[in-house]
Amino acid sequence: MKSQKFLSKLKERFRELWNYKVFKYAVIIHGGYFIFSLFLTLIFFRKQNDFRVYYEVGGVVLKDINNLYTTPYNWPFRYLPIASLFFVPFNLMGFDLGFIVFNSLNLILNILICVVLYKIIIFIRAEDHEKEEKRVVLYISIYLMSLPNFFNYILGQINLYVTLLILLSLYIYLKYDGMKWELIASILLGISIIIKPITIFMIPFILIIHYDLISRKLKFDVARSFIRLIGIVLPLSLNLIMFLILPNLLDGFIEANFTSSEPSQINHSFSITKLIINFLYFIGFAEDQVLLLQMPLFFFIAIIFIFIGFTSFIIRRTTKHSVLYGYCFGISIMFLCYFDSWDHHLLNLTPLLIIIIFNLPRQSNLTKNFIKPSLFFLSFFDLAFMGLFFITEGFFPFNFGSTIFLIFIFYVLVKYSFTKNNPL
């Protein structure tokens, strides 16, 4: 009986949304992304996709997990070892069925992401925004139509699991009080790091710490911050157990992510670190010279952005909903600093930008001049710059379009931190 009521409400809600023309277009286009991706990948790109790596990783786990990071996949496996267990069922299904099931789950995840995104927007929407939902539906539809979704489906990527966990943890942090909820939200964020370490730079920004420049007083909620850190550490500690049992997995993880030649290859990543590496090759540096520089370069750039970002976060003038901006700081810093930042990764960031658009004042210049242009570029024009890279790679190996807009986003976050009460 309850399930029938739920389905009835679901159908009624879908009919309400279907009255919005933009939502119709979004559903049709997104459905096209999903169906077309199955066709392209299973017929033309059977070996040129990330799901192929996940599929093979599942097989390696079944045969000998010691070879997790040494097996020659099409692309290196860079995730934490616990994440590899998730891919075993897909390997057992066989490639074709596994890919269909995997992407079907991605489709369901996108539906859930839209639901949570809607709930967060309604909860934190600034008072001067329209009270009806038309504009909310518009921006959620923009997310559904964004090209990184199509790219994510074709590749069979795992970004949407991370996005859903980011939004769920954010929603809990924003809406619920109490140590229990702090712990649950943090565990979800910790699981997102297990699935894909792309959210690891969010950790400093969940600390409840604030320095008031006027009163010159530091406020640090040690208990809540400690619970948040414990929540993140709990799921991550499972990897520590695996590293202790199989020490070579730690060496393999570090090599795959930082010390091997793979991170220093010329490619279309839009991170500042990768742009500099590409430039070093462009002016004649040899691979062994770049290998010596890649780790110091990554840490140098990361330290600069983390210092500026975290300092801005601590002395922020507006403390309400600060965790939202902390999340955005963490993910944008990762994209700017890590060697390989790809187009499909943007699905972890664009929902946060949409939330910020509704949290800032309706006529905010920060929104108008920076956030909106960044959202539309990252959603619809980023892939064009990636294509341009492959055309010009021989004489101009730089994909810097998204880099510029990520810097814009970082600027907005810093600017917001230094502006008192509803910055314009």
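Heads up: numbering here begins at 1 and tracks the sequence. All values below were derived from every heavy atom in this structure, side-chain atoms included, with hydrogens, water molecules and symmetry-related copies excluded.
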A.B. asks: Y20 and S141: side-chain hydrogen bond (donor to acceptor under 3.5 Å, both in side chains), yes or no, with the steps?
C.D. replies: CA-CA 10 Å; Y20 295 105; S141 298; over 6 Å; no

A.B. asks: In this structure, are over 12 heavy atoms from other groups packed under 6.0 Å from K219 atom NZ?
C.D. replies: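 Not more than 12 within 6.0 Å, no.
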
A.B. asks: If you define the side chain from C-beta out and look only at heavy atoms, does anything of F376 sit under 4.5 Å from I142?
C.D. replies: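 Side-chain contact under 4.5 Å: yes.
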
A.B. asks: Knowing that exactly one of F408, F405, F370 qualifies, which makes a ring pair (Phe, Tyr, Trp, His ring centres under 6.0 Å) with F377?
C.D. replies: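 Per the ring pair (Phe, Tyr, Trp, His ring centres under 6.0 Å) rule, the option paired with F377 is F405, out of F408, F405, F370.
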
A.B. asks: Of all heavy-atom pairs between L249 and Y69, which one has the smallest distance, and what is that distance?
C.D. replies: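 Scanning both residues completely, I find the closest heavy atoms to be O-CE1, 3.3 Å.
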
A.B. asks: Between V22 and M145, is any pair of side-chain heavy atoms under 4.5 Å apart?
C.D. replies: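 Result yes, sub-4.5 Å side-chain heavy-atom pair found.
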
A.B. asks: If only side-chain N and O atoms count, and only distance matters, is there a donor-acceptor pair under 3.5 Å linking Y161 with S192?
C.D. replies: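 No, Y161 and S192 have no side-chain donor paired with an acceptor closer than 3.5 Å.
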
A.B. asks: Measure from the side-chain N and O atoms of N278 to the backbone N and O of P397, and report whether any donor-acceptor pair falls under 3.5 Å.
C.D. replies: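 The answer is yes, because a donor-acceptor pair under 3.5 Å joins these two groups.
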
A.B. asks: Testing the basics here: between S312 and F418, what is the closest heavy-atom pair and its distance to 0.1 Å?
C.D. replies: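 The pair with the smallest heavy-atom distance is OG-CE1, 3.6 Å.
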
A.B. asks: Atom CZ of residue position F380 - does it have more than 12 heavy atoms of other residues, nucleotides or ligands inside 6.0 Å?
C.D. replies: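 Yes, enclosed.
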
A.B. asks: Would you check if there is a donor-acceptor pair between the side chains of Y143 and N110 at a distance under 3.5 Å?
C.D. replies: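 Note: N110 and Y143 side chains meet the donor-acceptor criterion.
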
A.B. asks: With side chains defined as the heavy atoms from C-beta onward, is the minimum distance between I193 and I203 less than 4.5 Å?
C.D. replies: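 Heavy-atom side-chain distance check passes, below 4.5 Å.
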
A.B. asks: Does a donor on one side chain and an acceptor on the other come within less than 3.5 Å for Y411 and K415?
C.D. replies: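 There is no such pair (donor and acceptor under 3.5 Å, judged by atom type) between the side chains of Y411 and K415.
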
A.B. asks: Taking CG in D288 as the centre, count heavy atoms belonging to other residues, nucleotides or ligands within less than 6.0 Å. Is the count above 12?
C.D. replies: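 Counting neighbours around CG of D288, more than 12 heavy atoms of other residues, nucleotides or ligands fall under 6.0 Å, so yes.
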
A.B. asks: Is the closest side-chain heavy-atom distance between V323 and L174 below 4.5 Å?
C.D. replies: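 Yes, close enough: below the 4.5 Å cut-off.
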
A.B. asks: Which residues pass the side chain to side chain contact (heavy atoms under 4.5 Å, CB included) test with V115, sequence neighbours left out?
C.D. replies: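 With sequence neighbours excluded, V115 shows a side chain to side chain contact (heavy atoms under 4.5 Å, CB included) to K119, given in chain and number order.
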
A.B. asks: Please confirm whether the backbone N or O of F270 pairs with a side-chain atom of S341, one donor and one acceptor, at under 3.5 Å?
C.D. replies: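 A pair under 3.5 Å: no.
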
A.B. asks: Once the angle between the rings of F313 and F310 is folded into 0 to 90°, is it parallel (under 30°), tilted (30 to 60°) or perpendicular (over 60°)?
C.D. replies: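 Parallel: the ring planes of F313 and F310 meet at under 30°.
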
A.B. asks: Are Q294 and F258 side-chain neighbours, meaning at least one heavy-atom pair lies under 4.5 Å?
C.D. replies: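 With C-beta onward as the side chain, the pair stays apart.
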
A.B. asks: Do any side-chain atoms of residues 90-104 form donor-acceptor pairs under 3.5 angstrom with protein atoms, and if so which ones, sequence neighbours left out?
C.D. replies:
residue: N91; atom: ND2; partner: Y55; partner atom: O; Å: 2.8
residue: D96; atom: OD1; partner: R46; partner atom: NH1; Å: 3.3
residue: D96; atom: OD1; partner: R46; partner atom: NH2; Å: 2.8
residue: D96; atom: OD2; partner: R46; partner atom: NH1; Å: 3.1
residue: N103; atom: OD1; partner: N106; partner atom: ND2; Å: 3.3
residue: N103; atom: ND2; partner: Y153; partner atom: O; Å: 2.8
residue: S104; atom: OG; partner: I100; partner atom: O; Å: 2.7

A.B. asks: Measuring from atom CG of L160 to atom CD1 of I113, what distance do you get when rounded to the nearest 0.5 angstrom?
C.D. replies: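 Those atoms lie 4.5 Å apart.
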
A.B. asks: Just wondering, do F77 and F87 contact through their side chains at under 4.5 Å, heavy atoms?
C.D. replies: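 The answer is yes; the side chains approach within 4.5 Å.
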
A.B. asks: Among L112, I355, T163, L170, find the one that has a side chain to side chain contact (heavy atoms under 4.5 Å, CB included) with L117.
C.D. replies: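 Passing option: I355.
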
A.B. asks: Answer yes or no for R78 and F339: cation-pi contact, defined as NZ/CZ to six-membered ring centre under 6.0 Å and angle to ring axis within 45°.
C.D. replies: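 Output no; distance or angle outside limits.
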
A.B. asks: Enter the distance from I407:CD1 to F400:CZ here, rounded to the nearest 0.5 Å.
C.D. replies: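 The distance works out to 11.5 Å.
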
A.B. asks: Are any non-hydrogen side-chain atoms of Y338 and I198 less than 4.5 angstrom apart?
C.D. replies: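 SC-SC contact between Y338 and I198 ruled out.
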
A.B. asks: How many angstroms lie between CD1 in I354 and CG in N359, if you round to the nearest 0.5 Å?
C.D. replies: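 It comes to 14.0 Å.
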
A.B. asks: Working to the nearest 0.5 Å, report the span between NZ of K372 and CG of L353.
C.D. replies: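 Here the interatomic distance stands at 13.0 Å.
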
A.B. asks: Is there side-chain contact between I184 and Y176, with at least one heavy-atom pair below 4.5 Å?
C.D. replies: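 In short, these two side chains do not touch, never coming nearer than 4.5 Å.
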
A.B. asks: About how many Å separate CG of L366 and CD1 of I357, when rounded to the nearest 0.5 Å?
C.D. replies: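 Atom-to-atom, I357:CD1 and L366:CG are 11.5 Å apart.
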
A.B. asks: Would you compute the distance between atom CG of L375 and atom CG of L349 and round it to the nearest 0.5 angstrom?
C.D. replies: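 L375 CG to L349 CG: 9.0 Å, rounded to 0.5 Å.
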
A.B. asks: State, without any angle test, whether K196 and N159 hold a side-chain donor-acceptor pair at a distance under 3.5 Å.
C.D. replies: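 Short answer, yes.
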
A.B. asks: What closest approach, in Å, do G190 and L236 show between heavy atoms, and which atom pair accounts for it?
C.D. replies: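 Looking at all heavy atoms of both residues, the closest pair is O-CD2, 3.9 Å.
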
A.B. asks: Which pair of heavy atoms, one from S332 and one from C328, lies closest together, and at what distance?
C.D. replies: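 Closest pair (atom of S332, atom of C328, distance): OG-O, 2.7 Å.
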
A.B. asks: Using a 6.0 Å cut-off, check whether atom OH of Y25 has over 12 heavy atoms from anything other than its own residue.
C.D. replies: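 No, because the 6.0 Å sphere around OH of Y25 holds 12 heavy atoms or fewer from other groups.
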
A.B. asks: Looking only at atom types and distance, does a side-chain atom of S379 sit under 3.5 Å from a main-chain N or O of S146, one as donor and one as acceptor?
C.D. replies: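 Flag not set: sc S379 to bb S146 has no pair under 3.5 Å.
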
A.B. asks: Does atom CZ of F390 have more than 12 heavy-atom neighbours from other groups under 6.0 Å away?
C.D. replies: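 More than 12 within 6.0 Å, yes.
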
A.B. asks: Going through the checks in order, is the side chain to side chain contact (heavy atoms under 4.5 Å, CB included) test met by F205 and I333?
C.D. replies: CA-CA 11 Å; F205 297 96; I333 289 171; 3.9 Å; yes

A.B. asks: Going by the rule salt bridge (charged side-chain N to carboxylate O under 4.0 Å, His left out), which residues pair with D50 if we only count those two or more places apart in sequence or in a different chain?
C.D. replies: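 So D50 forms no salt bridge (charged side-chain N to carboxylate O under 4.0 Å, His left out) with any residue.
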
A.B. asks: Identify the heavy atoms of L275 and T403 that sit nearest to each other, and give their distance.
C.D. replies: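 Where L275 meets T403 most closely, the heavy atoms are CD1-OG1, 3.4 Å.
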
A.B. asks: Relative to the ring of F253, is the ring of F243 parallel (under 30°), tilted (30 to 60°) or perpendicular (over 60°)?
C.D. replies: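 Tilted: the ring planes of F243 and F253 meet at 30° to 60°.
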
A.B. asks: Under 6.0 Å between ring centres: does that hold for F282 and F396?
C.D. replies: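 No, the ring of F282 stays outside the 6.0 Å limit from the ring of F396, centre to centre.
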
A.B. asks: How close do C337 and A302 get, counting heavy atoms only, and between which atoms?
C.D. replies: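 That closest heavy-atom pairing would be SG-CA, 3.5 Å.
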
A.B. asks: Give the ring-plane orientation class for F36 versus F39, where under 30° counts as parallel, over 60° as perpendicular and anything between as tilted.
C.D. replies: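 F36 and F39: parallel rings.
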
A.B. asks: Around atom CZ of F34, are there more than 12 heavy atoms of other residues, nucleotides or ligands at under 6.0 Å?
C.D. replies: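 Buried by this count: over 12 neighbours within 6.0 Å.
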
A.B. asks: Between Q289 (side chain) and A286 (backbone), is there a donor-acceptor pair under 3.5 Å?
C.D. replies: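 Side chain of Q289 to backbone of A286: a pair is present.
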
A.B. asks: Less than 6.0 angstrom separating the ring centers of F410 and F329, yes or no?
C.D. replies: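 Ring centroids of F410 and F329 are less than 6.0 Å from each other.
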
